[in-house]
Amino acid sequence: MSTLRPRTDSHWSPRGLALAAGRIHALVQERPWVKGLSRTNYASRPQRLTIDGDLRSLLGDEGIPKEEIPLTRIGLPSGEDLIPVANDPTSPILLLADSHGLVFSAGEDMHTYSAGLADHLALVFGVPVELIAARGSAATEVRVRVARKAYKDEAWLRAKKLVVWCF
């Protein structure tokens, strides 16, 4: 069983992200808007991934081994592969986040794609999620982006049924 946090990284592990998404869903699953969702059956595929976590990099000690962790990729089935879940501005679910919303989702130094919090939320709710995230702090930049978007289109924010703010 994997932990909620990798040993070498300051972010949640894929298991932690999946548990968080499941708990968020459990808190609102009886709401009428959730029951009325037109659901997509996303597929999930277990994999293992070797990561070079940010804590390992900060220490600068090459003697600390990279870490192999289990994860679950999520997307639309396409033969042996998965089509990633799209970031959807029309979604009733809005995820605001710092790098915890990007890890295992944004690639590059965030390790990989299709296994982050937004992906796990899409899996449990059956709808794509809109993600507005920033590296570092989600306190100001993300709120400003939401305010600007809502100012340009008031209907956009009114259409949101659930806002998850992860920081």
Side-chain angles (χ1 to χ4, degrees), residues 1-29 40-89 91 93-146 162-167:
M1 177 181 282
S2 65
T3 62
L4 299 179
R5 203 174 274 289
R7 287 186 326 274
T8 62
D9 199 279
S10 61
H11 300 94
W12 286 347
S13 68
R15 179 175 180 256
L17 296 169
L19 289 171
R23 183 66 182 131
I24 291 164
H25 181 262
L27 289 170
V28 298
Q29 69 183 345
T40 298
N41 290 321
Y42 291 108
S44 62
R45 302 242 167 85
Q47 292 185 341
R48 295 196 66 78
L49 178 73
T50 301
I51 64 167
D52 188 4
D54 62 347
L55 297 176
R56 179 183 177 275
S57 299
L58 282 172
L59 290 173
D61 182 352
E62 293 299 318
I64 299 171
K66 293 182 180 179
E67 185 174 4
E68 185 177 294
I69 59 171
L71 63 82
T72 302
R73 290 200 190 280
I74 297 155
L76 294 168
S78 175
E80 292 297 313
D81 205 1
L82 294 173
I83 299 168
V85 178
N87 186 16
D88 185 357
S91 175
I93 303 169
L94 174 61
L95 172 59
L96 307 176
D98 58 9
S99 59
H100 287 80
L102 297 170
V103 71
F104 301 107
S105 185
E108 298 174 10
D109 63 334
M110 294 286 110
H111 308 304
T112 193
Y113 299 91
S114 302
L117 183 56
D119 304 294
H120 283 281
L121 287 169
L123 180 67
V124 295
F125 280 96
V127 297
V129 172
E130 181 174 10
L131 171 64
I132 298 177
R135 293 170 192 267
S137 173
T140 302
E141 181 183 344
V142 169
R143 287 184 302 126
V144 169
R145 287 168 55 189
V146 168
L162 176 65
V163 177
V164 177
W165 194 359
C166 175
F167 54 93

Enquirer: Can you check whether Glu130 reaches Asp88 side chain to side chain, under 4.5 Å on heavy atoms?
Expert: no

Enquirer: Are any non-hydrogen side-chain atoms of Ile74 and Leu82 less than 4.5 angstrom apart?
Expert: no

Enquirer: Who pairs with His111 by ring-ring contact (aromatic ring centres under 6.0 Å, His included), at least two apart in sequence or on another chain?
Expert: Phe104

Enquirer: Is any side-chain heavy atom of Trp12 less than 4.5 Å from a side-chain heavy atom of Pro6?
Expert: no

Enquirer: With rounding to the nearest 0.5 Å, note down the distance linking CD in Glu67 to OG1 in Thr3.
Expert: 7.0 Å

Enquirer: Look at Asp109 together with Arg135 and state whether they make a salt bridge at an N to O cut-off of under 4.0 Å.
Expert: yes

Enquirer: Just to verify, what does Glu68 make a side-chain hydrogen bond (donor to acceptor under 3.5 Å, both in side chains) with, not counting sequence neighbours?
Expert: Arg48

Enquirer: Is Leu19 close to Leu4 at the side-chain level, that is, under 4.5 Å between some pair of heavy atoms?
Expert: yes

Enquirer: Test of understanding: with side-chain hydrogen bond (donor to acceptor under 3.5 Å, both in side chains), list the residues that count as partners of Ser44, not counting sequence neighbours.
Expert: none

Enquirer: Is any side-chain N of the basic residue among Arg5 and Asp9 closer than 4.0 Å to the acidic one's carboxylate O?
Expert: no

Enquirer: Side chains of Thr112 and Arg73 only: does a donor on one sit below 3.5 Å from an acceptor on the other?
Expert: yes

Enquirer: Are Arg45 and Glu80 within salt-bridge range, i.e. N to O under 4.0 Å?
Expert: no

Enquirer: In terms of side-chain heavy atoms, does Asp119 have a donor or acceptor partner in Ser114 at a distance below 3.5 Å?
Expert: no

Enquirer: Are Val127 and Leu121 side-chain neighbours, meaning at least one heavy-atom pair lies under 4.5 Å?
Expert: no

Enquirer: Given side chains that start at C-beta, do those of Asn41 and Leu76 come closer than 4.5 Å, heavy atoms only?
Expert: no

